[in-house]
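Presented below is the structure to which this report refers.
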2 protein chains.
Amino acid sequence: MPNSALRRLPRVTEPAVEKISDKVAETGDTKSRILDAAEELFMEHGFEATSLRLITTAAGVNLAAVNYHFGSKEELFQAVLTRRLDPMNQDRLQLLTAYEADTAGKSGKGALTCEQIISAMFIPALKLARDHEQGGKNFLRLLGRAYADPAPFIREFLSNQYAEMITRFRAAFGRALPHLPREEVSWRLHFVMGALSYTLAGTDALKMIAQFHPEEVNNDELLLKRLAPFLAAGLRAPLQQASDAHQWFTEA
Amino acid sequence: MPNSALRRLPRVTEPAVEKISDKVAETGDTKSRILDAAEELFMEHGFEATSLRLITTAAGVNLAAVNYHFGSKEELFQAVLTRRLDPMNQDRLQLLTAYEADTAGKSGKGALTCEQIISAMFIPALKLARDHEQGGKNFLRLLGRAYADPAPFIREFLSNQYAEMITRFRAAFGRALPHLPREEVSWRLHFVMGALSYTLAGTDALKMIAQFHPEEVNNDELLLKRLAPFLAAGLRAPLQQASDAHQWFTEA
DNA sequence: GCTCGATTCAAACGATTGTTTGAAAACATC
DNA sequence: GATGTTTTCAAACAATCGTTTGAATCGAGC
């Protein structure tokens, strides 16, 4: 295990012609190279189907480096997630706080609009989607898939990572939609998070069929700008009364 | 390979006290026992993390039976999906056709409402959710997770399975929302499918936090009845004009 | 120059994976 | 009851997995 603090840079005396793998040469220290390669490969093949040998070869480091720096494959996966997820959720909370302070100062009784709350959720994700330099776009897909992964250690990890954010945003939506029961708000927040992560997961089977313009398929920015109004309208949908329930699924 | 047609029943002369595995004894012929066990275990652990030995032990059959009856692990997975997915999508198309014939006969110019089209998508899923006898509820979760699986053979399979259904429903939504550009309709249909499969996937990390009543967490019927109005409102959301785009994500 | 902790490396570990094999058993047909 | 096909079975296959080991190499501090 590394006591952190100091870490050696990769060997400088590399043979000039050497090509470590087919992938583009990674840069930075060993830990970052592993994280970068793992982020891309986990996104591409999933957790179980990605071997440590594939990751270390792509990163140009020794196989044992993963266990040395991260402890295990599972801990590596968590490190890949937490590197970007933690700052993103911090941004979300910070943005929500800024909005609340802003409207509270102006109109006294501050209740944000659904659009504002959704913006606080989406803008930090957009920042990653626009991050062409780093693997931000890769990460959004990886995150979307991690939600659906059945592995207990992944679900537990995400649950902890999102606990604070969910609580804060549920309260905000509750104030924005005071006519809705608290439980209905929880469900609709759940739908919002679901649609967001699913669409960000990206290369699903359905996109192939759905007749999109080619330049839009992998443009997360346009995607989020289409998704946001859709979800805002869903959040504001009138509450389904028990007496109206027969309107739905009458034949089921 | 089996020439199908006739298949032998499992051995009748079992020792009375024998307990093949910890799981409840499966019933039916070998092929069905494998499908049932695989459906539950794939749902629980995912495709990669589920070994054939785990499946065959739970089903009480020999390890080689999978390769004999299905050819490979991948083909087994496809068989598990197609067993319920094919009838469900057939039901959806049939229901949509029935609705269209009904309204065309009454009002001449027949354009279904969003609620009717969503019902045609949801009712067949509800039928599986209510199928307490068989593994219908398991299957919905398995299906939701299969959408997010990066394995190429899964994505290709689902793409083929859904091609006809997507085409038909996109046309229906297009007639129900004539003011929307065709591409916007495609995206919103994509959002609907995403929210549906994500919420059906079930045991995601977020449910743990979201403060649901315990009796509702695993009730797919209540879930769908809450999701349907949410999505119907989203589908009918006014089109986001380019001049209004600044309203969203101004700070991003 | 030497020591000491941090890091890298090649090699091997034991376990598990999906698949194949060939013989034994159960079946259907005559 | 013999024949031929279908199905089951125990055993082994080669490959790959995550992890561990112990020595080699590096950089910094005295």
Side-chain angles (χ1 to χ4, degrees), chain A residues 1-15 18 20-21 26 28-35 37-38 41-42 45-80 151 153-154, chain B residues 1-15 18 20-21 26 28-35 37-38 41-42 45-80 151 153-154:
Chain A
M1 298 270 194
N3 272 355
S4 69
L6 311 175
R7 245 176 290 100
R8 208 168 51 97
L9 287 180
R11 184 203 310 243
V12 200
T13 59
E14 282 180 340
E18 183 180 2
I20 300 179
S21 75
E26 311 277 344
D29 57 6
T30 300
K31 219 167 172 176
S32 296
R33 292 161 67 123
I34 293 176
L35 286 174
L41 291 171
F42 280 145
H45 305 113
F47 175 74
E48 295 278 352
T50 305
S51 71
L52 291 184
R53 285 167 177 83
L54 197 64
I55 295 174
T56 53
T57 302
V61 303
N62 187 271
L63 168 63
V66 168
N67 291 280
Y68 176 76
H69 284 284
F70 298 95
S72 67
K73 186 186 179 186
E74 292 192 357
E75 290 172 280
L76 167 62
F77 188 79
Q78 293 177 347
V80 169
F153 87 94
I154 295 181
Chain B
M1 297 273 193
N3 271 356
S4 69
L6 311 176
R7 248 175 289 99
R8 208 169 50 98
L9 288 178
R11 182 202 314 240
V12 200
T13 58
E14 283 181 339
E18 181 181 2
I20 300 178
S21 76
E26 311 278 345
D29 57 5
T30 300
K31 219 167 173 177
S32 296
R33 291 162 68 125
I34 293 176
L35 285 174
L41 291 170
F42 280 145
H45 305 111
F47 175 75
E48 295 278 352
T50 305
S51 71
L52 290 184
R53 283 167 179 82
L54 197 64
I55 294 174
T56 53
T57 302
V61 302
N62 187 271
L63 168 63
V66 168
N67 291 281
Y68 176 77
H69 284 285
F70 299 94
S72 67
K73 188 187 179 185
E74 292 192 357
E75 289 172 279
L76 168 62
F77 188 79
Q78 293 177 348
V80 169
F153 87 94
I154 296 180

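Each chain gets a letter, A, B and so on, in the order the sequences are listed, and its residues count up from 1. Atom set for the values below is all heavy atoms of this structure, side chains included, hydrogens, waters and symmetry mates excluded.
- The line from CD of A:E48 to NZ of A:K73 is 6.0 Å long, rounded to the nearest 0.5 Å.
- Phosphate proximity of D:dT8 to B:H69: present, with a side-chain N or O under 4.0 Å from OP1 or OP2.
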### Query
Quick one: what's the B/S/- string for nucleotides 15-24 of chain D, heavy-atom cutoff under 4.0 Å, read 5' to 3'?
--BBBBB---
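- Note: CG (A:D29) to P (D:dG27) measures 14 Å, nearest angstrom.
- Remark: B:S51 engages no residue in a side-chain hydrogen bond (donor to acceptor under 3.5 Å, both in side chains) (not counting sequence neighbours).
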### Task
Decide yes or no on side chain to side chain contact (heavy atoms under 4.5 Å, CB included) for A:F70 and A:Q78, but give the supporting numbers first.
CA-CA 10 Å; A:F70 298 95; A:Q78 293 177 347; over 6 Å; no
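- Rounding to the nearest 0.5 Å places CG of B:N62 at 9.5 Å from OG1 of B:T30.
- Atom CG of B:L54 and atom C1' of C:dT19 are 17 Å apart (whole Å).
- Looking only at side-chain heavy atoms (C-beta outward), A:L54 and A:H45 come within less than 4.5 Å of each other.
- Atoms CG and NZ, on B:L76 and B:K31 in that order, are 10.5 Å from each other to the nearest 0.5 Å.
- Taking each heavy atom of A:S72 and A:N67 in turn, the nearest pair found is CA-OD1, 3.8 Å.
- From B:L41, atom CG reaches atom CD1 of B:I34 across 12.0 Å, with rounding to the nearest 0.5 Å.
- Secondary structure note: stems in DNA chain D built from 3 or more consecutive Watson-Crick or G-U wobble pairs under 3.5 Å occupy C:3-23 with D:8-28, C:25-30 with D:1-6.
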